[in-house]
**Q** 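Handing you a structure now.
We name chains A, B, ... by the order of the sequence lines, and we start the count at 1 in each one. Below, all heavy atoms of this structure are taken into account, side chains as well, without hydrogens, waters or symmetry copies.
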Number of protein chains: 2
Amino acid sequence: MTTAPERPPLTATANNQGVDAAVAAARRVIAALLHAGDSTAAEMAEVADRLNAVADHVEDHAPPREARMVDMWAGEGVTRHDPVTGPENAIAPPLPLAGREDGAIEGTATLGMPYQGPPGFVHGGISALLLDHTLGVANHWAGPSGMTAELTIRYHQPTPLFEPLTVTGRQVSVDGRKIRSFGTISAGGRLCVSADGLFIAKHLSRPR
Amino acid sequence: MTTAPERPPLTATANNQGVDAAVAAARRVIAALLHAGDSTAAEMAEVADRLNAVADHVEDHAPPREARMVDMWAGEGVTRHDPVTGPENAIAPPLPLAGREDGAIEGTATLGMPYQGPPGFVHGGISALLLDHTLGVANHWAGPSGMTAELTIRYHQPTPLFEPLTVTGRQVSVDGRKIRSFGTISAGGRLCVSADGLFIAKHLSRPR
């Protein structure tokens, strides 16, 4: 028997090998392409050829979509493929989330250029993406969870790129099948974005 | 003088060469890695090496961040780097948007596994991302535009992956600096998600 950690991780942890390492490298590629822009110096036609060759190779070794869907949804644990926390999804920043003693959850991520909205700031829709997912995980942590029915996002001030952001979520109330949750994104102690979510306690069936 | 097209594009069009072609290939890599999962057959350590080599090469040829920020925000035209429509951003599906005669805007995209929330369906936060951006572009198309102050997303039914989605947006009212907009995501004529946005008519300064 081991001692429970103070803040148990609620999301999958990247293991820096296998597909996780390849996905981490793909994130570097995404950011590098945005930083380079339409640079002739980088010989983008050759870069495209190299990336298409990698895609061809990986596609050739991928299982059929249906089999993969069953596999990725096997078990009851945390997902490894989602676009917010997933170590297997290069779109995910990723945002690791852990449980706090007060029943809320919290995570930190620094977002780069791929997540830009206004010049130098995080896209409002990316903030909504992070918060929707965080509220869902907060519900799992606190008790009953479900699917988003309504999400209200309030933008208090622009959310900076290239700085550590703290994302929090907590379940506020459960009334029958209606679950209400609240979350925030802050930077350097300043509140940037908040979210109120209404969730309905139901889950879609997992493929088998 | 030329005749205006019926549905003028309001977003950047990928030109299938230069960085756009490399980004399109990076999108294939992102999806292929998710489809493959932790496959030993695909020799992911070698895949990681190849992707890191591409990232190294492109990073070596990228301008300093500040210079790139000035460049990407030059002019007053549509952006090429945003995470929804940008041909230079591998995170973007991308969603091309065009103006309709009735003053609304519309676009179509089919989302794959990187955008998954519940099994087989689009992540609710991804729907929020697409709608936030679409409302912003709808404001540009209709008249005054600005920054999101509040966004309310309603989830009517799950939004399917692997099927064409129609995304619409329109400006509803302008009252001083307050701009209200409405948008939808539908699949096969069925309404999946709707959004009400409140925007404030201001813009952050572009880097120079």
**Q** Please classify the contact between A:H81 and chain B as side chain, backbone, both or neither, with a heavy-atom cut-off of under 4.5 Å.
**A** both
**Q** Is the shortest heavy-atom distance from the side chain of B:V58 to the side chain of A:R28 under 4.5 Å?
**A** no
**Q** If you tally heavy-atom pairs under 4.5 Å against chain B, which of A:R80, A:R206, A:H156, A:H133 wins?
**A** A:H133
**Q** Under a 4.5 Å heavy-atom cut-off, does chain B meet the side chain of A:P64, its backbone, both or neither?
**A** neither
**Q** For chain A, which candidate among B:H203, B:E88, B:H123, B:M147 shows the most heavy-atom pairs at distances under 4.5 Å?
**A** B:H123
**Q** If you compare all heavy atoms of B:A128 against all heavy atoms of A:A128, which two are closest, and at what distance to 0.1 Å?
**A** CB-CB, 3.7 Å
**Q** Under the side chain to side chain contact (heavy atoms under 4.5 Å, CB included) rule, what do B:V29 and A:V29 come out as? Steps first, then yes or no, please.
**A** CA-CA 10 Å; B:V29 171; A:V29 171; over 6 Å; no
**Q** Under 4.5 Å from any heavy atom of chain B, what part of A:S205 do you find: side chain, backbone, both or neither?
**A** backbone
**Q** Please check if the side chain of A:N52 supplies one atom and the backbone of B:A25 the other of a donor-acceptor pair under 3.5 Å.
**A** no
**Q** Work out which heavy atom in A:P207 is nearest to a heavy atom in B:P119; give both atom names and the distance.
**A** CD-CB, 3.5 Å
**Q** At a heavy-atom separation under 4.5 Å, does A:A195 approach chain B through its side chain, its backbone, both, or neither?
**A** neither
**Q** Please give me the minimum heavy-atom distance between A:T152 and B:E150, naming the atom from each residue.
**A** CG2-OE2, 3.7 Å
**Q** Can you give me the closest heavy-atom contact between B:A32 and A:A55, atom names plus distance?
**A** CB-O, 4.1 Å
**Q** Taking the side chain as C-beta and beyond, is there a heavy-atom pair between B:I91 and A:Y115 under 4.5 Å?
**A** yes
**Q** With chain A as the partner, which of B:G197, B:G120, B:P83 has the greatest number of non-hydrogen pairs under 4.5 Å?
**A** B:P83
**Q** Looking only at heavy atoms and a cut-off of under 4.5 Å, which of B:L33, B:D196, B:V47 has the most pairs with chain A?
**A** B:L33
**Q** Could you grab the distance from atom CD of B:Q17 to atom CG of A:D38, nearest 0.5 Å is fine?
**A** 8.0 Å
**Q** Side chains of B:I153 and A:T148, heavy atoms from C-beta outward: is any pair under 4.5 Å?
**A** no
**Q** Between A:A31, A:G136, A:A24, A:A48, who has the most heavy-atom pairs with chain B when the cutoff is under 4.5 Å?
**A** A:A48
**Q** Please rank B:G37, B:A45, B:A90 by heavy-atom pairs under 4.5 Å with chain A and give me the top one.
**A** B:G37
**Q** Show, in sequence, the C-alpha distance, side-chain angles and deciding distance for A:M113 and B:N89, and conclude whether the side chain to side chain contact (heavy atoms under 4.5 Å, CB included) test is met.
**A** CA-CA 9 Å; A:M113 232 179 244; B:N89 191 333; over 6 Å; no
**Q** Mind ranking B:P118, B:P114, B:A26, B:G124 by heavy-atom pairs under 4.5 Å with chain A and telling me who comes out on top?
**A** B:P114
**Q** Determine the option with the most heavy-atom pairs under 4.5 angstrom with chain B, choosing from A:D71, A:I126, A:T79, A:L51.
**A** A:L51
**Q** Taking the side chain as C-beta and beyond, is there a heavy-atom pair between A:R65 and B:H35 under 4.5 Å?
**A** yes
**Q** Does any backbone or side-chain atom of B:S194 lie under 4.5 Å from a heavy atom of chain A? Answer side chain, backbone, both or neither.
**A** neither
**Q** Show the numbers, then the answer: is there a side chain to side chain contact (heavy atoms under 4.5 Å, CB included) between A:Q116 and B:W73?
**A** CA-CA 11 Å; A:Q116 185 175 223; B:W73 287 104; 3.4 Å; yes
**Q** How long is the gap from CG on A:L151 to CG on B:L151, to the nearest 0.5 Å?
**A** 7.5 Å
**Q** Taking A:G117, A:G18, A:A92, A:A149 one by one, which has the highest count of heavy-atom pairs under 4.5 Å against chain B?
**A** A:A149
**Q** If only atom types and distance count, is the side chain of A:R68 paired as donor or acceptor with the main-chain N or O of B:L34 below 3.5 Å?
**A** yes
**Q** Which atoms of B:D56 are under 4.5 Å from chain A, going by heavy atoms: the side chain, the backbone, both sets, or neither?
**A** both
**Q** Please flag which part of B:A53 lies under 4.5 Å from any non-hydrogen atom of chain A: side chain, backbone, both or neither.
**A** both
